[in-house]
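Report on one structure; see the data block that follows.
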Amino acid sequence: MNLEKVIFGFFVVLALTLNVAFVIGEIDDPQHHSVWILFTAIVVNLIATVLKIGDRSHIGALLLATALVADLQLIACASVWTIANQVLGVVSTEVTVGIVSLAAGALVANVVSVTMVVTDSLISGR
Amino acid sequence: MAKGSDLDRVASVVLREMRNPILVLITVHALGIGGMVLIPGVDPDGNSVHMGFFHAFYFMTYTATTTGFGELPYAFSEAQRIWASICLYLSVVAWIYGIGSIIRLVQNPHFAQAVAQRRFAVATARITEPFVIICGFGDTGSLLTRGLSDRRIHGVVIDNNVERIKALALRDYDLKIPGLCGDAGVPKNLRDAGLERPECRAVVLLTGDDDINFKIAVMTRLMNSRAEVICRSTERIHEEQLNSLGSVVIVDPFETFARELVLALRAPTLHTLNQWLLGAKDATLERTVSYHPGTWILCGYGRMGRRLQGALQDQQVPTVVIDPNVEPSEVEQAVVGMATKANLLEAGMHHAAGLVTATDSDSTNLAILLTARSINPSAHLVVRQNHHENELAFNAASADLIMQPSLVTARRILLRLISPLIQAFLEHLEDNPELLRAEVYPSLRANLGTSRPVLFTLNTDARSAPAVIALIDGGSVLTLDALLRDPRNRDQRLGCVVLVLRRGQQRHMMPAASMALEADDELLIVATSDAERRIRTSLTDQYLLEYLATGVERSRSVLDNWLRA
């Protein structure tokens with residue numbers, strides 16, 4: 001067992017699970033989507049991104065790309081929420097739907113990422 | 001691929017080194033934001049309120065960077081203040097850790113080397129014209145680089161001495177000359193220098209280490225068979241080894257100088273022309289330095305002394321050698337000992353025609369020169385200068401000929417790189433003294449006068465002379481005479497002389513002005529620098545060239561042409 005691999009796998013999977021935890025629920029109901037989960041999802045996604053940096057292999061480059069996509073979508077999601085809440089002063093149903101859709105996009109990127117990690121370790125057989 | 005892998009290496013090293021600091025920063029920020037949101041605050045009305053994520057993020061951003069805008073949106077509660085101080089210290093430590101990592105990385109010599117190597121590879125890849133790789137940047141290397149830059153020939157330098165590469169960066173060359181500090185014998189360094197590219201026309205080996213020179217020569221043959229290998233060497237054994245590689249040009253400064261000295265004795269006019277073409281200081285065509293025959297004294301019997309003695313003996317010039325280690329049986333006449341006044345007198349300095357001081361110590365050489373002059377002021381004095389930095393002292397000594405191995409080598413290689421035709425031309429003149437006297441000299445005197453000569457070659461191919469090709473393809477005849485007229489006034493000739501015209505395997509020495517140019521001719525021209533610039537302009541300007549050829553200036557405007565038609 002390799003501690004580095006454990007930490008890496010932990011953060012990649014945690015990024016996915018937190019993302020699911022945020023997205024799940026009625027798409028237009030703000031009660032179903034916790035701001036705390038979004039916050040931790042962003043932090044864990046950022047950490048997962050940094051862990052993927054510096055791997056020069058082809059799969060490493062693809063993993064980094066998916067992580068960057070997830071970061072971009074989640075940060076966009078948080079920005080939309082902040083602007084709606086702080087600047088406009090109201091979070092309408094349309095905005096809630098937009099926020100959750102952006103997070104759902106990030107979810108796809110995270111699924112791709114986890115699939116690649118799992119496939120890679122299955123193929124390498126270790 | 002070379003560029004990509006270097007870029008990858010530098011970028012991935014930076015990212016890997018920065019991974020932990022960034023992780024620490026993310027964690028500290030997340031902790032701080034989370035804490036600020038959790039800890040309750042008090043609004044002006046006394047209600048307990050929680051800070052939102054946006055405000056917490058804003059607070060952490062200005063606190064972590066120690067900007068400090070104060071307690072926003074409301075004055076903090078005591079609990080919030082405790083947490084804010086913890087956040088502040090944590091984030092300052094995290095930033096110091098991050099910045100410290102970057103500084104440590106930048107100071108790492110291996111990292112600096114990787115960055116320098118990458119910069120070098122990028123700078124080399126930007127050169128799109130033919131270029132020369134110079135391995136070794138000592139006296140000879142820097143003289144050669146200066147010469148190349150003056151002739152607008154691109155160069156790339158590799159040297160294993162850091163100080164020399166630093167010095168290279170400070171030189172004010174007309175062209176950008178990239179330099180790499182590294183072992184030129186390592187194939188990766190040669191590849192970064194662009195050895196494998198088709199634009200690489202020659203590799204010049206001046207490392208001063210015969211083994212490394214040989215290694216680079218072998219690498220060059222393997223990695224780019226088209227590139228010419230030019231090597232400085234003073235050891236006969238090493239030359240044989242290099243010759244076995246095939247098509248390696250060996251420049252031996254002592255051999256070259258011995259040949260020059262013999263030429264000066266045998267054909268003074270040609271020697272003067274040679275010096276003048278080489279760009280030697282105070283060489284003019286107006287004054288021919290001739291050396292009278294007689295006994296020559298050679299002080300120093302090392303590598304140079306041996307070559308000179310051999311060359312002089314071949315010309316049946318009587319020589320006397322003065323050296324502490326000379327075997328009297330080796331040479332026709334020898335004085336064993338240092339070149340003191342007594343020994344010089346014993347060697348017959350009083351009635352000697354000339355003296356060569358060829359030891360490897362500059363101060364000894366100058367001292368012998370002074371002694372010899374006091375004995376026989378009319379003798380020719382030839383002196384060997386070993387170090388370029390002693391130039392001022394040697395100039396003050398006013399010897400008849402200064403032999404500086406580094407300068408001799410650099411000039412020989414430069415001429416070779418400008419064109420191999422130069423050597424062929426000089427050899428042709430050696431066999432035909434009549435041509436030299438009756439044609440070359442008067443022509444050069446009339447056209448160039450006392451101005452400094454610039455030697456250059458012109459190729460009439462589509463790349464370097466598109467206008468010439470267009471004119472010839474259009475059915476017009478372009479004579480040498482037309483090409484060399486002044487674009488400002490067609491009735492006047494530019495200050496230049498065509499020395500050689502090469503067409504295929506055929507070489508026309510001093511071609512007639514009425515000769516018509518064809519595609520893929522190579523011309524060796526000596527001109528004033530002004531004339532060189534004008535000729536190069538007319539090679540690419542079709543209208544100008546047409547005017548030179550026909551005397552009619554065609555209009556450049558489409559509308560005007562259409563109106564006239």
Side-chain angles (χ1 to χ4, degrees), chain A residues 3-5 7-8 10-12 14-15 18 22 30 33-61 63-65 67-68 70-71 74-91 95 99 103, chain B residues 1-40 49-61 64 72-74 87 90-91 94 97-98 101-102 105 108 111 114 118:
Chain A
L3 185 63
E4 202 190 340
K5 287 259 187 309
I7 294 173
F8 181 71
F10 172 78
F11 276 102
V12 171
L14 190 63
L18 283 170
F22 179 73
H33 306 287
S34 158
V35 68
W36 271 103
I37 295 182
L38 179 61
F39 171 66
T40 32
I42 291 177
V43 171
V44 171
N45 260 290
L46 284 176
I47 292 176
T49 311
V50 176
L51 289 177
K52 287 168 183 173
I53 279 174
D55 183 348
R56 288 167 74 186
S57 65
H58 183 65
I59 197 113
L63 276 175
L64 183 60
L68 289 174
D71 290 341
L74 286 175
I75 289 169
C77 164
S79 309
V80 170
W81 201 340
T82 309
I83 291 167
N85 203 10
Q86 307 287 336
V87 184
L88 307 174
V90 58
V91 182
V95 172
I99 290 165
Chain B
M1 200 57 218
K3 276 184 295 166
S5 62
D6 271 335
L7 173 64
D8 268 11
R9 203 152 77 87
V10 172
S12 76
V13 166
V14 173
L15 291 175
R16 228 174 313 145
E17 284 292 310
M18 289 315 293
R19 185 192 279 176
N20 285 342
I22 294 174
L23 282 178
V24 168
L25 268 180
I26 291 178
T27 318
V28 166
H29 272 250
L31 266 178
I33 294 172
M36 283 320 280
V37 174
L38 278 176
I39 297 165
V49 284
H50 282 273
M51 204 186 243
F53 273 101
F54 171 63
H55 283 136
F57 173 73
Y58 179 53
F59 171 76
M60 262 321 277
T61 307
L72 298 171
Y74 313 119
C87 288
L90 280 181
S91 56
Y97 174 43
S101 302
I102 292 182
L105 183 64
N108 184 326
F111 180 73
R118 182 180 134 56

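In what follows, chains carry the letters A, B, and so on, assigned in the order in which the sequence lines appear, proteins first and then strands, with residues in each chain numbered from 1.
A/Pro30 meets the side chain to side chain contact (heavy atoms under 4.5 Å, CB included) test with A/Thr96; sequence neighbours excluded.
Around CZ of B/Phe57, the count of heavy atoms belonging to other residues, nucleotides or ligands within 6.0 Å does not exceed 12.
Taking non-hydrogen atoms and a 4.5 Å limit, the residue list of residues 32-39 of chain B in contact with chain A, ordered by number, reads B/Ile33, B/Gly34, B/Val37, B/Leu38. Inspection of non-hydrogen atoms places A/Thr82, A/Gln86 of residues 76-86 of chain A under 4.5 Å from chain B.
Taking the six-membered ring for Trp and thresholds of 30 and 60 degrees, A/Phe39 and B/Phe53 have ring planes inclined between 30 and 60 degrees apart.
When each of A/Ile42, A/Thr49, A/Val43 is tested with B/Ile26 by the rule side-chain contact (heavy atoms from CB on, under 4.5 Å), just one qualifies, namely A/Val43.
Residues B/Ile22 and A/Leu46 are not in side-chain contact: their nearest non-hydrogen atoms beyond the backbone lie 4.5 Å or more apart.
Here A/Val50 is the residue among A/Val50, A/Val35, A/Leu51, A/Ile53 with the most heavy-atom pairs under 4.5 Å with chain B.
Under the side-chain hydrogen bond (donor to acceptor under 3.5 Å, both in side chains) criterion, no residue pair touches residues 17-26 of chain B, with sequence neighbours excluded.
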